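What follows is a short report on a single structure.
Only heavy atoms go into these numbers, but all of them, side chains included; no hydrogens, no water, no symmetry mates. This chain uses plain numbering: 1 for the first residue, then up along the sequence. Quick caveat: nothing in here was measured; it's all calculated off a predicted structure.
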Amino acid sequence: MKTDILYGKEGLTVDLPDNSFIIEPTNLPKVEDEQKALLDAARNPIGMGALRDQVKATDTVAIVISDITRPTPNHILVPFLIKELEHIPHENFVIINGTGTHRDQTRGEFIEMLGEWVVDNIRIINNQCHNKETLVNLGKSKFGCDVYLNKDYVEADFRIVTGFIEPHFFAGFSGGPKGIMPGIAGIETILTFHNARMIGDPLSTWGNMVDNPLQEMTREINRMCKPDFMLNVTLNREKEITNVFAGELYEAHDKGCAFAKEHAMFRCEERFDVVVTSNSGYPLDQNLYQAVKGMSAAHKIVKEGGSIIIAAECSDGLPDHGNYAKIFDFADTPQELLDLINDPEFEMFDQWQVQKQAVIQVWANVYVYSKLTDEQVKASMLKPTRDIEQTLKDLKAKYGPDMTVAVLPLGPLTIPYVEEEAIVK
């Protein structure tokens, strides 16, 4: 049977065995009128008064956005916020791109993300996690590190965080406080947030917000310099807005997570020999680093010794920036990588993504269909494939005629789980 999966900007059609089990979230329709939905949310927010009544005409306003690796529709959200706060002079706004440890965005990318008018009229900065001159130390986290956040954000009179809410492979759900921490944090704080102990905690997983150390830390740090207003959305397969959650940070985010969980979780009776997955297409599948999320979703339901096939375009390479690609040079096997990363003496940013990938690879084989070269894929300890259908035929010879296959067309937008193993249901 032919199945469309999200891949790059165009998608990919794959011919799968007829008995393949399709797993995807409820594909909700987009809101009928985006501007009305946003206006209703801003003027009747959760847990607080109307947005425009909270901001004085003389206030400086910081708007934190997610970077280009996320499909947050900031070309819709940010112009709306500026219009809703029309009593604020344009020069009083600053947009802070929450890059975390990712690379800066270019002017062309900002135009793609925000629209040309915003780029030409509003000050925009990339968070600089390694530059302490652009950061403020807010004190000590109970998790053991100094807390550094972006200076422009901390010093603003009114602070807004935007984002979108989807399942997240170690924070439970994205959006909300994650826009601030790690989005606009300093490297020391980010490294603690992503250390081996935090990432390796069994409660740091898809859909879990209870006693999840990542959520505990991001919420703790947000309380040190809390956004005054949150504007988050949920999206469907076509990246259209399906709901809006705005208002007080924690209450609004909790409601958004509950909504996303209701539509994203998918119960399975048992694990599968093979799981074919995507990384939700562009922009999330721009590089192999991000594609670990799609692998992690498949890991939830693949048998030990089974195989994962992930389709992720990787138009931005491994990527070339950061340490993800470099860390593979420090070991010969995924288990050796895990041993290295779990050594308290080892610390390097991007280790968290390699850690998650290595956990998956110790459990199952991972094949990658992408625009990467075979050498790039192999250097990342993964198996390249140029033909998903042929790889499935080869795997059938390995697992036998009764090979079971599951497909995650939307990749990490779905939380599949096996009932008896699930932490979160």
- request: Tell me whether the guanidinium CZ or amine NZ of Lys9 lies under 6.0 angstrom from the six-membered ring centre of Tyr282 and within 45° of its axis.
  value: yes
- line: d(Leu135 CG, Asp146 CG) to nearest 0.5 Å is 11.5 Å
query: What residues form a salt bridge (Lys or Arg N to Asp or Glu O under 4.0 Å) with Asp316, not counting sequence neighbours?
result: Arg103
- prompt: Between Tyr289 and Thr69, does any side-chain donor sit less than 3.5 Å from a side-chain acceptor?
  reply: no
Partner set under side-chain contact (heavy atoms from CB on, under 4.5 Å) for Pro45, not counting sequence neighbours: Met48, Phe229
message: Do Asn236 and Asn27 pair up side chain to side chain, a donor and an acceptor below 3.5 Å, judged on atom types alone?
response: no
query: Should the pair His299 and Trp363 be assigned to parallel (<30°), tilted (30 to 60°) or perpendicular (>60°) ring geometry?
result: perpendicular
task: State which residues pass ring pair (Phe, Tyr, Trp, His ring centres under 6.0 Å) with His194; sequence neighbours excluded, sorted by chain then number.
output: Phe170, Trp352
statement: Rounded to the nearest 0.5 angstrom, the CG-CG distance for Leu114 and Asp120 is 11.5 Å
query: Are the side chain of Ser278 and the backbone of Gly411 linked by a donor-acceptor contact shorter than 3.5 Å?
result: yes
- prompt: Do Asp211 and Glu216 have side-chain heavy atoms sitting under 4.5 Å apart?
  reply: yes
query: Is any side-chain heavy atom of Gln361 less than 4.5 Å from a side-chain heavy atom of Leu382?
result: yes
